[in-house]
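Since the model is a prediction, treat every value here as computed from it, not as a measurement. Throughout, protein chains are lettered first and strands after them, A, B, ... in sequence-line order, and every chain is numbered starting at 1.
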Amino acid sequence: MGVALTRLAQWTAAGYETGTLEITPLNESILNEITKFVESFSYKYPQEAKFVFVEPLEWKTYLEPSAFELGYVVSATTAESEETGKDGQPLLFLSVPYIKVRSFGQLSQLLSIATDSKLQEAQACIEANRDPVVKILGPDYNEMKEDPTRLTLLDTIIKDKETYMKRKVAILLKQLDLHLLNHSLKYISLEISLNPGTFKKDIELLKRFSGKGEQTVLESIEYTSDYEFSNGCRAPPWRQIQGEICYVLVKPHDMETLCLTCSTEGVFLNGGKTEEEGEINYERKGEIYKDLVTCLKDKSPVFSENMSKHEIRFTEEQQKDNQIFEKPKTEDGHSSVAGSEKSKIEKISFGKSPMTKRLEPSLNWRVTVDYKDHKSSIKDSQEEKQGKLEKSSSVSVAPSRAQSHRKGGEKVEETVSESSSESEEDEEPPDHRQEANADLPSEYWQIQKLVKYLKGGNQTATVIALCSMRDFNLAQETCQLAIRDVGGLEVLINLLDTDEVKCKIGSLKILKEISHNPQIRRNIVDLGGLPIMVNILDSPHKSLKCLSAETIANVAKFKRARRAVRQHGGITKLVALLDCGQNSTEPTQPSLYETRDVEVARCGALALWSCSKSHSNKEAIRKAGGIPLLARLLKTSHENMLIPVVGTLQECASEENYRAAIKAERIIENLVKNLNSENEQLQEHCAMAIYQCAEDEETRDLVRLHGGLKPLASLLNNTDNKERLAAVTGAIWKCSISKENVIKFREYKAIETLVGLLTDQPEEVLVNVVGALGECCQEYENRVLVRKCGGIQPLVNLLVGINQALLVNVTKAVGACAVEPESMAIIDRLDGVRLLWSLLKNPHPDVKASAAWALCPCIENAKDAGEMVRSFVGGLELVVNLLKSDNKEVLASVCAAITNIAKDQENLAVITDHGVVPLLSKLANTNNDKLRRHLAEAISRCCMWGRNRVAFGEHKAVAPLVRYLKSNDTNVHRATAQALYQLSEDADNCITMHENGAVKLLLDMVGSPDQDLQEAAAGCISNIRRLALATEKARYN
Amino acid sequence: MNRKKLQKLTDTLTKNCKHFDKFEVKCLITLFYNLVGDVAERPGVVTGLDRNVFRNILHVTFGMTDDMIMDRVFRGFDKDNDGCISVSEWIHGLSLFLRGTLDEKMKYCFEVFDLNGDGFISKEEMFHMLKNSLLKQPSEEDPDEGIKDLVEITLKKMDHDHDGKLSFVDYEKAVREENLLLEAFGPCLPDPKSQMEFEAQVFKDPNEFNDM
């Protein structure tokens, strides 16, 4: 505690004695930690809580004596604890406004009494007692030098209880201290970002992008001084004290030379360097910016413009540098953390060797002596401790630093980001470069030699080197990384930019292989390989086109790459490749660089498949006219052509536009045809595409008309390939939304198979299987079938899952089964209703709604439903409270459930007590027809109890209900008329209805062909009319 | 040369050439005589392109630079070894240059690379052909070391029977595996770009020749 307090807490004044703690987040968090520690002290360590401090902690309190109650002797201005030390003195003594406390027990009690002003008290206490450890343990213990293991050893030796206790307390305090230090380091590391290292890197990077010419960001950037101190600063020592690190002279394209100061606080313009004396005017002449780039962007428009062009590269370099230098950096950051803190508190200058700097944190501990009798152990324990701190602090610092760098890098990306359905491997994998010379495989050296020949050879030598390089196992990561690490990637990509066809082919053949490695992909993109490859797509040589497209297919597996392909016009070119397939005039003599048109189209499709994982690319493919071409390629029968084509279509089918186009281009027919293929992957993609498209009714019919249901059903029998099974079951699910399809599926015995798939399948499969069963069970025959096949039990078992999509489907399926009384009996026996009811508590609204819908048929068909519902403790209250939801679907489903629950008088009474009437009334103002219908039904049911009719009127539910009659939905009309009929039993409601013009609307309804509606409307009108007659009668009598 | 003679020459050459049609042969013959210039035809004296003229064509039209390879290409064209390329040698050579199949090209290239014509490409021959292929690094002790290494690499890649030299079988096998190795020891075929330009230029505008 002592160390943390003296060193880390941010005191306002430098003077020690009178300082008060600043209100800073860091201090607050330290105080919080301390209060937490003290509060929990008395029950965590009851023995130690009784330990009496050597000297009392004394401070000015805000507490009144009256605040102390049990266990204290209280008078007007004083309060003392009944608990006393050995000397008979009370352990807590308050004499307004001063308080003295002598044990942790009392301290923690005090904090619990203080409640709201806890932090205030802790702050006051610490401000008044700058050295609490000394007071608690006596001067000998000022600083602790022991590690716990040694102490436990000592414990056995030292029998003296007093000393033992003291020792224990000392350990506890030391632990707190360490905890506080770590805690505050976390804080500090978040704040501090500027140190000599970051500036140096920034400046070096900017230098690289500087020079003559329009494209550079700056004309020049120079340090004012060539001398670099060992701590990385270039400012003279007396300025380093101010936190200044270095000064730079920057010459932007559009401005005079700027003289900037880089300091730990940030970057600002200083008074400039005078020509004759070479002195810098250190005075600040403007705002402080967070870093060099921000500052320059603000100062120079040209810089900011050019920078934006370079930005991606710049930040990437920054990132790369950071990754490479990560290790030294954390240390660097760490020492500067300590350093800058120190400069705040103790005004210690920067001018120390890095070695001492790194040791600095340990200085904090080295202040005073240890136990007198263990002096010999001081030194090594100290080292141990220092090691410990270093470790823990670097652990806490490193991740947050790394994170903040990443953020910086990603920001650029995000600004131009796009919504996309990307999936796998979008996270950047850690870039681990091989450690220099650490057991490098022999391939490494051979590859290095070959790369040398690539660099320094003419085309003949280059071709030989390229061919020889291909003899290495390029699928192996060692070789892939070796090529990169010896600088081979740059050369390979440069070769693509030459006119030498042979070199390009050779280079692409290698790139195609090594780009299977995710790291290499990123490097290729970083080196600007994609634009060049996109250009090659225009080459007259087909084999070049092919190789380039194949390489793009490999590289474009992550977002940034896909975007780069699009931005360089790659999508249009790739789509153009698809067109080759049509040209039947194949060259008679295949030359060295030619290949078949079909091959070109296949490679194009392959690349498009990779690219189609980004939303914008899907759109670009469509705009480039890709769909008709894909449709045409789909008619071929080459499997290796069909897979990328169907893969692309399947990716794209997630877009509405595509689904329409797919229907229009008669693609479904061919998808169905390919379901019969031998190739599992092709079958999978076809099924997946059907799954995506079959949301549309017409498409579902098309699948049936082209005979797609049978192959789907038969594919169900093969359950080994789970991906394909998931796709197939998905397609079946969506197809079974159409009734005609369900009939077909029953014919093909698919339903029995589906039931069989309810167990032992991965969730992706289960979701689809259950979804399909849910659709099938809308038909009576299928419900019976599912029951007979024993499908109810596994379905109910699935109700306890956690997968949200699965739960939605399972509840729907169970609900569908419950429509049939015999199945319902089984569900009831398996306690399915209770499980459904518990799902009403699921956090996800879709699950809630689906569960509530499923409950409706359950309540309807269960024997003794009223009793069953009542048996769920708190169940009715739960349902009523769901009426507070703001999800329309949940509300509608709950209203439907309430309608069913309210059929039982007793339950109706209960839900009335839970306030169902006002809640329902509140919902009345809605435009959602589904909700309207079920709400009106619920209201009409709820009218049957007590004075609910009147209550609905009082809560203004009647007028909105009348408006429902203007809806276009007959279901709403019927439900509303019935509700109004019930409500019209109350005279006041009749008046409201009449006022809102219900009579005319109801009169129209009487003419409806729907009998229930007729009857209810007529009944309502008669009630209103009767009231009118009665009043008239009353008036004339 | 009169029209009738030209017609006859065209017919004979077309008969013996499988890659060119009559029109193309006619164009090439015209080109040949343009290149040879107005040398009066005398019986007994062979009209044709001598080494220097031919090398000039190779250099300017097909972008070849290596002296040695160009000499070898000349020898490849000059079937009868009389130091000059006749019109039929011209048509034959170009037929391979522009339209040759892989087999033909392999055979031709192997002959070009087999400097002493003993049926093998030896290490020495390779070294000879590759000696200018690497940038000389002044820092290296033995400037030829890189070349020697390159020869070893090539042998490793192509010498399938491990006898330290390339037979035609070795060469053929390697090229079939990897077409890029066809011109492994130097460009001796026109590169695709200059080939296309040449064809476009020579075979252009058929109408111009129709009335000949």
Nearest 0.5 Å, please: how far is [atom2] in [Y] from [atom1] in [X]?
X	Y	atom1	atom2	result
A:Tyr453	B:Ile153	OH	CD1	5.0 Å
B:Lys157	A:Ile464	NZ	CD1	11.0 Å
A:Asn458	B:Asp66	CG	CG	8.5 Å
A:Thr460	B:Ile69	OG1	CD1	7.5 Å
A:Gln459	B:Leu180	CD	CG	11.0 Å
A:Lys455	B:Leu134	NZ	CG	13.5 Å

*Mind checking whether A:Ser468 and B:Lys156 have side chains closer than 4.5 Å, heavy atoms only?*
no
*Hey, are the side chains of A:Lys509 and B:Glu178 touching, using non-hydrogen atoms and a 4.5 Å cut-off?*
yes
Inspect the surroundings of [atom1] in [X] and state if more than 12 heavy atoms from other residues, nucleotides or ligands are less than 6.0 Å away.
X	atom1	value
B:Arg75	CZ	no
B:Lys8	NZ	no
B:Gln201	CD	no

*Of the backbone (N, CA, C, O) and the side chain (C-beta and beyond), which part of A:Leu450 lies under 4.5 Å from a heavy atom of chain B, both, or neither?*
side chain
*Taking salt bridge (Lys or Arg N to Asp or Glu O under 4.0 Å) as the test, write out the residues that go with B:Lys165, two or more places apart.*
none
